[in-house]
Amino acid sequence: MSSLPITRQPWRFGLAIAGFAGLFAWLGMRLYTLQIMQGEQLTMLGHKQTNRVWTLPAARGGFTDANGMPLVESQGTWNVSCDPRYMEDRLSATVELARLLQIPRETLRAQFETNRNGRNLAKGIDDRTADAIKALHLTGVYVRREFTRTYREGPLAAHVLGFTQADGSGAAGLEAQFNSQLAGVAGKEILQIDALGKPVVSGFESIPARPGAHIQLTIDVVLQRELEKAVAAAIEKHAPKRAAGVIIRPATGEVLAMTSWPAFDPTTRQGVDGEALRNNVTQLVYEPGSTFKPLIAGAAVHEKLTTFKETIFCEHGRWTYRDGRSARTITDHSLKNGGHAFLTVTDGIAKSDNILMAKLGIRLGVDRLSSWVQNLGFGRKTSICLPGEETGIVPPRKRWTVLSECMSIPMGHNIAVTPLQLAMAHSAVANGGMWNPPRLIKRIYNLDAEGKQVDQPLPALEPARRMYEDVDAAAIQEAMTHTMDEGGTGAKLGLDGYLSAGKTGTAEKLIDGHYSHDHHIGSFICWAPADPGKRVELLTLVVIDDSSKNGHYGGETAGPVVQQVMQAALEQLKVPKDPARMKDPPTTSQGPSAMNAEPPRSALVGDRANGRKVRQVQ
């Protein structure tokens with residue numbers, strides 16, 4: 001039987017080669033997918049299975065006042081938790097933890113007998129107890145740090161400080177504005193476990209947390225208390241819709257006190273709603289009324305269009321001005337008493353005459369008046385480091401006319417400002433014409449490993465600028481001192497022992513398209529000492545929105561608040577009194593100490609009116 005001839009079959013060899021090539025290609029692609037495309041993800045899954053990670057919270061930085069008094073702190077306590085599945089000696093843990101934590105053994109046994117990890121046993125444990133638990137070295141029992149935010153002065157300066165949310169992040173005020181600096185950097189602890197879930201003795205790593213920065217404010221807690229107490233009394237007396245108050249040091253722009261009402265308590269977060277959270281000092285937008293008049297009068301004097309001694313006819317309280325075919329009639333509040341005849345510009349400011357200011361506005365004209373409004377800082381933010389600051393409302397330049405803006409804005413009408421904008425503009429007058437940006441932050445610093453303070457950069461502020469020449473500013477201030485004289489709108493608001501400069505303001509609010517005789521915004525701004533050549537120490541502005549009882553004029557509602565605060569603050573700062581201006585001057589036998597001879601200590605230191613416009617009255 002003959003055998004069949006053997007013939008070569010190259011296709012089989014080629015098929016084998018192709019099969020092996022495909023296999024190696026698939027293996028290469030799989031390796032590329034696992035190691036390159038999914039490598040990072042798989043590594044993370046592996047670490048997650050073999051490592052347990054705990055976040056170590058960082059201590060949030062605190063706030064202090066200008067003199068170093070603590071306002072807000074983060075107090076550290078300890079939490080005790082357990083993972084029953086990893087516990088090796090539950091009996092010892094039950095006995096020892098019951099003794100240290102004062103928890104019944106039955107309660108602990110019930111926690112340990114569950115099959116779920118992450119059981120919380122106790123919170124708020126002090127350092128001594130935490131150290132004792134750590135010394136026991138109980139497997140599966142953990143002692144972790146936590147921090148509680150404490151507001152040492154309760155609701156004091158709540159709108160400045162703000163508050164934190166449940167997760168510790170800032171939710172309002174400076175807590176929100178400087179959240180990244182205050183929060184610090186969290187640390188972590190990493191524990192390696194084996195395939196059975198048991199801790200690996202050598203597999204432990206700890207990365208410590210870095211505490212947040214501390215912030216020292218320009219706020220003086222003593223002055224803050226005084227301002228809030230006085231405003232609270234005014235709220236009780238007048239039952240307004242809103243109120244705002246601020247104390248400024250004109251020479252530096254430092255904000256020494258700031259309050260807003262309605263308010264809230266950051267310790268409990270009770271009453272926290274949109275209205276209470278709003279800081280009326282920076283967010284209430286209102287027509288300033290007569291408090292605007294000295295600023296424009298000063299502009300007219302600077303432009304050499306008048307002098308404070310010039311006598312202007314005030315038309316006995318009613319005046320009609322014609323511009324081409326159009327005309328407008330101005331009525332002054334003095335009309336009911338016969339109106340004013342001839343007044344000097346100084347007297348016009350003291351008596352708050354509308355017609356005199358309208359005539360000065362016409363002299364300035366559209367171009368110069370609009371330029372001055374812009375230079376005075378209205379229609380833009382002051383750059384204060386608080387969230388939510390409003391810009392106010394200034395009509396677009398192209399809409400300005402002589403009969404409207406030139407006659408209205410000098411009276412504080414047809415323009416809306418925030419209390420802070422107005423206070424800073426007047427601070428420039430009190431500071432010899434130099435405008436300083438409002439400062440709330442005196443210092444930001446961290447603590448290094450040795451506990452030494454390391455200063456951090458301060459927030460950028462708008463640069464200081466000159467608003468008036470010093471001679472013009474002195475003349476405006478001198479004119480405003482006459483407001484406090486007999487016959488002026490602030491005659492009853494003078495200070496004992498100090499010459500003060502001030503201006504009242506009252507405005508009607510626009511309700512349903514009409515100016516209301518029953519709804520007003522009253523305000524008063526004042527600074528002292530206002531003697532020629534002396535440095536002004538303090539300026540205070542208070543705004544009372546919609547007083548519902550016991551008067552509505554600025555001199556009735558806001559004036560007494562400013563008077564009380566200024567008197568107490570100047571005495572607190574030990575600013576020397578002028579014996580000639582004291583109600584009860586000291587006798588010669590009492591000596592100079594009775595006259596506060598000690599020099600003043602240095603300070604270590606809206607809602608667009610709900611769509612309502614307001615009209616100046618006084």
Side-chain angles (χ1 to χ4, degrees), residues 250 253 285-308 310 312 321 323-324 328 330 345 348-349 354-383 389-438 461-477 479-480 503 505 525 613 616:
V285 178
Y286 71 107
E287 288 189 356
S290 295
T291 54
F292 206 72
K293 292 177 178 177
L295 302 174
I296 302 304
V301 170
H302 176 85
E303 297 288 347
K304 302 188 184 316
L305 301 173
T306 186
T307 67
F308 282 104
E310 181 190 357
I312 296 176
Y321 177 75
D323 185 19
R328 180 181 176 184
I330 297 289
V345 174
I349 293 174
N354 291 340
I355 294 172
L356 183 144
M357 291 307 305
K359 289 186 174 183
L360 292 183
I362 292 171
R363 293 186 189 182
L364 279 166
V366 168
D367 291 335
R368 280 184 292 200
L369 181 57
S370 62
S371 177
W372 270 97
V373 167
Q374 181 180 8
N375 185 53
L376 290 169
F378 299 106
R380 57 176 168 170
K381 297 181 180 181
T382 65
S383 77
E389 182 185 10
E390 290 281 0
T391 60
I393 305 174
V394 175
R397 168 64 182 79
K398 62 183 179 181
R399 286 174 42 194
W400 285 49
T401 65
V402 172
L403 291 180
S404 180
E405 281 69 27
C406 287
M407 295 180 71
S408 296
I409 287 179
M411 300 185 293
H413 176 46
N414 218 25
I415 185 172
V417 305
T418 67
L420 185 62
Q421 286 175 333
L422 187 68
M424 298 315 297
H426 278 277
S427 290
V429 177
N431 189 40
M434 282 297 297
W435 183 91
N436 287 314
L461 297 175
E462 191 171 327
R465 64 179 183 272
R466 179 162 291 282
M467 284 186 173
Y468 298 97
E469 295 301 323
D470 53 358
V471 175
D472 297 329
I476 299 171
Q477 175 173 289
M480 291 180 68
K503 191 72 192 77
I525 191 164
K613 294 182 179 179
Q616 178 273 342

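Side-chain contact between I409 and H413: absent, with no pair of heavy atoms (C-beta onward) separated by less than 4.5 Å. L360 is not listed as a side-chain neighbour of L305, based on a closest heavy-atom distance of 4.5 Å or more. Annotation: side chain of Y321 is not in contact with side chain of I330 (no heavy-atom distance under 4.5 Å). Proximity of P294 to V429: side-chain heavy atoms (C-beta onward) are nowhere separated by under 4.5 Å.
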* Checking side chain to side chain donor-acceptor pair (under 3.5 Å) for the pair T382/E389: CA distance, chi angles, key distance, verdict? -> CA-CA 8 Å; T382 65; E389 182 185 10; 2.7 Å; yes
* Report the C-alpha distance between H426 and M480 in whole Å, list the side-chain angles of each, state the deciding distance to 0.1 Å, and finish with yes or no for side-chain contact (heavy atoms from CB on, under 4.5 Å). => CA-CA 11 Å; H426 278 277; M480 291 180 68; 3.8 Å; yes
* To do: Any chance you could lay out the side-chain contact (heavy atoms from CB on, under 4.5 Å) test for C406 and V366, step after step, and finish with the verdict?
  => CA-CA 6 Å; C406 287; V366 168; 3.7 Å; yes
* Evaluate the side-chain contact (heavy atoms from CB on, under 4.5 Å) criterion for residues T401 and D323: first the C-alpha distance (whole Å), next the side-chain angles of each, then the deciding distance (0.1 Å), finally the verdict. => CA-CA 10 Å; T401 65; D323 185 19; over 6 Å; no
* How far apart are the C-alpha atoms of R465 and N375, what are their side-chain angles, what is the distance that settles it, and do they pass the side-chain contact (heavy atoms from CB on, under 4.5 Å) test? -> CA-CA 9 Å; R465 64 179 183 272; N375 185 53; 4.2 Å; yes
* To do: List the steps, then state whether side chain to side chain donor-acceptor pair (under 3.5 Å) holds for S408 with R328.
  => CA-CA 11 Å; S408 296; R328 180 181 176 184; 2.7 Å; yes
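One finds the CZ atom of R368 at 12.5 Å from the CD1 atom of I296 (value rounded to the nearest 0.5 Å). In this structure, L422 CG and L376 CG are separated by 10.0 Å, a value rounded to the nearest 0.5 Å. Within the model, atoms CD of E303 and CG of D472 stand 9.5 Å from one another, a figure rounded to the nearest 0.5 Å. M467 CE to N431 CG: the interatomic distance, rounded to the nearest 0.5 Å, is 11.0 Å. Of the inter-residue distances, the one linking R380 atom CZ with T391 atom OG1 reads 11.5 Å to the nearest 0.5 angstrom.
In this structure, E310 does not pair ionically with K359, as no charged nitrogen and carboxylate oxygen lie closer than 4.0 Å.
For W372, the ring pair (Phe, Tyr, Trp, His ring centres under 6.0 Å) partners at least two apart in sequence or on another chain are H302, Y468.
The shortest non-hydrogen separation linking Y286 to T418 is CE2-C, 4.0 Å. Across all non-hydrogen atoms, the minimal contact from P288 to V417 is CB-CG2, 3.9 Å. Shortest non-hydrogen contact noted between G348 and L356 is CA-CD1, 4.0 Å. Minimum heavy-atom separation, A300 to L364: CA-CD2, 4.0 Å. In terms of heavy atoms, I349 sits closest to A479 at CD1-CB, 4.2 Å. When every heavy atom of M434 is checked against every heavy atom of A464, the shortest pair comes out as CE-CB, 4.1 Å.
For the pair R466 (side chain) and G432 (backbone), a donor-acceptor distance under 3.5 Å is present. The closest donor-acceptor contact from the side chain of R399 to the backbone of E405 lies at 3.5 Å or more, if one exists at all. Of the possible polar contacts, one joining the S383 side chain to the E462 backbone as a donor-acceptor pair under 3.5 Å is found.
Side-chain polar atoms of S427 and N436 form no donor-acceptor pair below 3.5 angstrom.
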